[in-house]
Amino acid sequence: MLSSTATTMLRAGVSRSSGALQPMLLRSTACPCSPFSMNTKPQQPTSLRPLSTSPSALVLRFGAQQQAQLVQQQLRRASSSSSSSPSTRPRSDAELDANAAEAAAAAQSAAHAGEPALDWNTFFKLRKTRRRVQLAFSVIMTLITSGAGGAVLSTGVADALVAQVPLEPMFAIGLMTAGFGALGWLMGPAMGGMVFNALKSKYRGQMEIKEGQFFARIKKHRVDPSASSMGNPVPDFYGEKISSVAGYRQWLKDQRAFNKKRTTFV
């Protein structure tokens, strides 16, 4: 009897305590998962956004870059194929200089169309004469300037300058006199050319035309000086030693010999 009475009392206490706990749970809304929540409105399930099957911006950018690279490669191939064709082959500097000289000579010949034509032999003779006149004036001007400079220095005008030179006065005056002579040598070609043009004024225009054509040929047929060596020097790069048609032909032979020796290492 005692055990059954205790059991009955314990059950009654549990039921009372559970009865008191239920209203507390009903009044509480802190736990959303509680079955005793006062919020009678059913909660809608959170809608999950479906995964996008379209490519991302990174993939699109990568594809655009690949397409741009392909287009650039095609353009490079087209430009290389067009440049390799003989019609658009890049020309060398010698060819460009020769074409420019020929164009200048053509313009000069058109400007002096009324003057008599000048053949190559006469041109070379006049060119040789002009060079001799210039050489003669160089010698004359050297003697004149050196003599005048020596006379002026002997008067003692430049004693202060001579004293500053760490040499004997005679050596210092001699060097200054040589400097005056060098100045006269440089002035000679200019004065000789002026005198020659005054004496041969009727050939001046035609000589300018022939000189343009001559230098155009020189620029076109001369060799590349970068391939020269001690055993294979450049043969008259500017054509200064040419004084006749036969000399020009010999100059062409020398250019071919230089190229042959460069390629065959003879």
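Quantities reported herein were computed from a predicted structural model and do not represent experimental measurements.
- Note on residues 144-188: no pairs pass ring pair (Phe, Tyr, Trp, His ring centres under 6.0 Å), not counting sequence neighbours.
- Scored by the side-chain hydrogen bond (donor to acceptor under 3.5 Å, both in side chains) test, Thr122 finds Asp119 as partners (sequence neighbours excluded).
- Residue Val162 comes nearest to Ala172 through the heavy atom pair CG1-CB, 3.9 Å, listed as atom of the first residue, atom of the second, then distance.
- Linking Ile, Leu, Val, Met, Phe, Trp and Tyr residues whenever their side-chain heavy atoms come within less than 4.5 Å leaves Val133 and Tyr203 in two separate clusters.
- Annotation: salt bridge (charged side-chain N to carboxylate O under 4.0 Å, His left out) contacts involving residues 239-258, sequence neighbours excluded, are absent.
- Partners of Asp236 under the side-chain hydrogen bond (donor to acceptor under 3.5 Å, both in side chains) rule, at least two apart in sequence or in another chain, do not exist in this structure.
- Ser226 is linked by a side-chain hydrogen bond (donor to acceptor under 3.5 Å, both in side chains) to Asp224, counting only residues two or more places apart in sequence or in another chain.
- Taking CG of Leu135 as the start and CD1 of Ile140 as the end, the distance is 10.0 Å to the nearest 0.5 Å.
- Scanning for side chain to side chain contact (heavy atoms under 4.5 Å, CB included) contacts around Thr177 gives Ser146, Leu153, Ile173, with sequence neighbours left out.
- Annotation for Met230 and Pro233: closest pair O-CD, 4.0 Å, computed over non-hydrogen atoms.
- Rounded to the nearest 0.5 angstrom, Lys210 NZ and Gln213 CD are separated by 5.0 Å.
- Among residues two or more places apart in sequence or in another chain, the side-chain hydrogen bond (donor to acceptor under 3.5 Å, both in side chains) test is passed with Asn232 by none.
- Under the 4.5 Å side-chain criterion, counting only non-hydrogen atoms from C-beta, His221 is in contact with Tyr248.
- The stretch residues 126-148 participates, sequence neighbours left out, in these salt bridge (charged side-chain N to carboxylate O under 4.0 Å, His left out) pairs: Arg130-Glu211.
- Other members of the cluster containing Val223 are Val234, Phe237, Tyr238, Phe258, with ILVMFWY side chains joined at under 4.5 Å, either directly or via other members.
- Residue pairs that meet the ring pair (Phe, Tyr, Trp, His ring centres under 6.0 Å) test with at least one member in residues 117-143, sequence neighbours left out, are Trp120-Phe123, Phe124-Phe214.
- Atom CE of residue Met187 and atom CD1 of residue Ile144 lie 9.0 Å apart, to the nearest 0.5 angstrom.
- We find the CG-OG1 distance between Leu186 and Thr142 to be 8.5 Å, quoted to the nearest 0.5 Å.
- Formation of a donor-acceptor pair under 3.5 Å by the Gln255 side chain with backbone atoms of Pro235 is found in this model.
- Ile242 is connected to Leu118 through a chain of hydrophobic side-chain contacts under 4.5 Å among Ile, Leu, Val, Met, Phe, Trp and Tyr, so both are in one cluster.
- A chain of hydrophobic side-chain contacts below 4.5 Å, direct or via other Ile, Leu, Val, Met, Phe, Trp or Tyr residues, connects Leu199 to Met191.
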